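This structure is a prediction, so every number in the text was calculated from the model and none was measured. Within every chain, numbering begins at 1; the chains are lettered A, B, ... in the order of the sequence lines, protein sequences first and strands thereafter.
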Amino acid sequence: MEPVLQVRGLHAAYRRTKVLDHVTFDVMPGTLTAIIGPNGAGKSTLLKTMLDLHPRLGGEVRFFGTAYRNAKLKVGYVPQRGSVDWDFPTDALDVVLMGLYGRIGWFRRPGRRHRELALEALDKMGMADFAKRQISELSGGQQQRVFLARALVQDADLYLLDEPLAGVDAATERAIMEMLKTLRAAGKTVMVVHHDLQTVEDYFDHVLMLNRTVIAHGPTTEIFTQDTIARTYGGWLRRKERVTG
Amino acid sequence: MFKQRISKSTGRAFALLAAMLMLAACGSGAGGGAEGGAGSAGADGSGADGAIRVVTTIAQIAEPISVIGGGRVQVTSLMGPGVDPHLYQASQSDIRKLGSADIIFCNGLHLEANMLRAFEEIGKSRPVLAVGEAIAEDRLLTDETGAVDPHVWFDIDLWKEALGAAVEELKKLSPDDAEFFEANKRDYFAKMDELKEEAVRKMASVPEKRRVLVTAHDAFGYFGRMLGLEVVGLQGLSTEDEIGLSDIERTIGLLVERRVPAVFVESSINPKSIEAVIEGAKERGLNVRLGGELFSDAMGGAGTEEGTYLGMFRHNVDTIYEALTGEE
Amino acid sequence: MMGLSHNALWVLASMLMLGTAAGLAGCFAYWKRQSLMSDALAHAALPGVVIGFAILGFKSLPVMLLGAAASALLGAWAVTAIRAHNRVKEDTAMGIILSVFFGLGIMLLTMVNRMPGGGQSGLDGFIFGQAAAMVRQDMRTMTAVAAVVLLVVLISFKEWKLYLFDPAFARGIGLSGRLMEAAYLTLLVVIIVIGIQAVGVILMAALLIIPAVSARYWTNAFGTMLALSALFGGGAGVAGTYVSTLGDGWPTGPFIVIAAAGIFLLSLVFGTRKGLFVKAMQRRAQMRRLKPQAVRRDPLAEGEALP
């Protein structure tokens with residue numbers, strides 16, 4: 001089996017600080033991987049750098065054996081919920097439709113078929129009733145589901161999600177994890193930047209432990225140990241109280 | 001109507017103060033004599049190296065005086081071509097020039113509004129004469145607010161009086177040359193009379209209805225009076241406030257009503273406003289031309305015909321004449 | 001009085017077109033949270049205008065407009081440069097550029113006043129505006145600009161929606177952020193450069209900001225907001241121009257801004273979404289629904305704490 005994602009020696013910085021240092025790993029198809037690490041460890045930056053959303057200082061990234069720009073249709077990205085202004089005047093259906101713009105093409109209007117696909121995706125996330133609701137009126141969990149629906153509608157093979165479970169209610173968390181597991185069952189690959197150490201073992205079959213560089217990567221049962229956790233978080237867990245948010 | 005062309009912010013208060021100081025510094029009323037000076041003329045041995053050192057503000061004084069005084073005077077003018085005397089402020093080198101002059105001539109009547117301090121200072125040690133103020137008051141033009149129009153050089157008779165007063169001062173400074181000055185003065189004045197005749201004749205041949213001088217500048221009051229031209233200001237087009245549609249429309253109305261063939265604007269007016277006026281007039285069937293540049297506050301470049309008083313005057317007359325008698 | 005002169009009609013048409021175009025572009029600036037950028041760009045255009053005159057020695061409109069565009073773009077670049085290398089916030093950077101460039105422009109203006117060729121006259125018009133002096137050519141130019149902006153908006157409507165809402169995701173699916181940014185900036189600069197001839201540097205921002213903000217109070221759909229913004233901008237242009245014809249010496253530009261402000265006030269109070277009036281009505285309706293419970297309480301026991 002070929003890895004769907006290969007990262008070699010990735011370097012990135014944020015302002016003057018080195019945030020990613022010699023990051024190297026492979027991701028095999030059909031895995032559901034958690035990316036964990038302390039704040040500032042570079043988790044979000046890793047996703048953004050891989051997707052050319054953040055400048056890369058060195059290294060190589062291959063999606064399905066080729067560069068990202070050739071594989072865009074196969075990769076679905078769900079950014080952090082806070083990266084967007086939810087006051088924007090649009091409804092949930094419209095947001096999900098955005099996932100199809102790549103397929104609709106420039107200068108064309110979305111057609112009925114596209115709208116149906118979008119509605120289906122919303123339905124899969126339990127949001128069909130909210131299709132016409134203004135996104136500013138949605139709760140955090142609902143917004144996250146819309147984001148996920150938008151990713152689903154892209155029908156990608158590899159999904160990259162940035163903190164999808166942050167600040168959502170229990171029901172939404174369940175729904176999201178259900179969906180991710182369904183995707184895995186269908187042969188898709190999923191990587192999730194995750195913040196909650198407690199749920200890693202329950203949700204994810206693989207884990208990538210990151211603190212500027214890869215501390216450990218592999219099946220959860222094998223590598224998610226006290227030792228690796230300690231090495232990843234260092235003195236961070238002790239200092240956790242001082243870190244805001 | 002006479003726009004005080006001081007910079008936006010300093011405004012009217014300064015103008016009032018200026019007027020009072022100016023009258024004090026430049027002497028008052030008829031007759032020559034520098035009251036603000038240290039006694040009468042003859043401060044330094046002015047006849048020493050021969051030439052009397054004369055410093056004037058505007059070239060309209062300097063050039064004729066240099067002709068009349070001939071080799072017996074050495075004339076410098078502080079303001080050159082293109083300078084606005086209403087706004088001009090004396091520089092350090094100007095102060096030095098004034099300080100080393102034997103006699104100083106200014107126009108007075110509030111023309112050199114920003115030089116009052118300088119004159120006040122220099123008047124303490126040097127004779128200063130405001131030639132414009134040598135003219136009888138009842139012959140001067142005033143506007144509705146009572147302000148005096150200072151552009152007296154545009155009336156040839158009035159200017160003869162002003163220059164005459166200056167020449168009297170020169171005679172006082174160098175009595176030996178009095179006859180010389182007098183003879184030159186007579187010659188020069190004869191030329192001025194000739195010019196006046198020529199100008200009056202030309203203007204008289206313009207059809208009466210067309211004898212309108214439409215200009216943004218307020219310098220031509222005396223000019224118009226002398227030549228039988230009605231001077232109409234482009235009200236509102238040259239203010240510092242933003243122009244309104246009513247200003248433009250009123251100007252167009254005025255032009256159309258009189259079938260004025262030309263307007264005279266120099267670069268002091270917003271070209272966009274004039275463009276709007278001309279296009280608007282065209283829509284109403286009147287082709288208004290830009291009549292060419294007139295010399296308003298200053299004269300032409302040194303060494304050119306328009307750099308002389310007579311030449312400048314003639315240029316204005318000819319330009320206006322051609323524009324008003326041209327085809328519509 | 002109803003009969004308007006040709007000049008008035010030219011001004012009316014010009015301001016209608018300019019207002020429409022500004023309303024549309026202003027909407028984009030609004031959602032990029034860069035409303036202040038319009039103001040910064042407009043002010044930054046001033047030194048370019050003055051330099052355009054100073055270089056030639058006479059007033060040539062194309063050169064001055066080119067100078068304005070170059071100067072405005074330089075300002076835009078400076079804002080991004082400042083932000084890239086410092087911890088300065090975006091609105092601070094814009095404020096800095098706005099004042100520095102504008103100050104430079106004023107300084108150049110006083111220097112240029114000593115030059116022959118008329119100095120200040122005609123250049124002031126770029127600061128405060130000279131909308132009343134619009135002629136047929138201006139009408140044509142502004143119509144063309146409005147048409148182009150409208151075309152761009154209609155053709156790539158969904159692309160703009162995506163770019164403004166989620167630029168990261170947009171990049172992810174292949175919509176070049178650079179292209180959109182360049183298009184946005186170009187539209188803005190063109191409108192500003194054409195517009196400052198009419199309303200001047202100082203008031204240009206009002207046309208770009210106010211209609212968009214006003215539209216927000218009436219709708220929750222992006223497309224509708226664009227349409228309303230264009231309508232409000234054009235409407236302010238027409239209304240302001242008309243009012244300025246009624247008085248003696250009334251300047252057109254400021255009245256347009258006042259008209260726009262009037263529209264904003266109306267929207268603020270009466271806007272069907274988020275307007276103050278509507279919100280008050282909604283609150284009343286909510287109170288009425290709760291009222292049956294309140295009636296059962298003892299009206300004399302107002303100070304009682306809830307159980």
Side-chain donor/acceptor of C/Asn7 to backbone N/O of B/Leu245, under 3.5 Å = no
May I ask you to test the C/Asp138-B/Lys272 pair for a side-chain heavy-atom distance under 4.5 Å?
-> yes
Rounded distance [0.5 Å steps], NE2 in C/His6 versus NZ in B/Lys282 | 12.5 Å
Under a 4.5 Å heavy-atom cut-off, does chain C meet the side chain of B/Glu283, its backbone, both or neither?
-> both
Which pairs with one or both residues in residues 243-255 of chain C pass salt bridge (charged side-chain N to carboxylate O under 4.0 Å, His left out), sequence neighbours excluded?
-> B/Arg250-C/Asp248
Minimum heavy-atom distance between C/Trp250 and B/Ser246, given as atom pair plus value | N-OG, 4.2 Å
Where B/Gly244 and C/Ala132 come nearest, the two heavy atoms and their spacing | C-CB, 3.5 Å
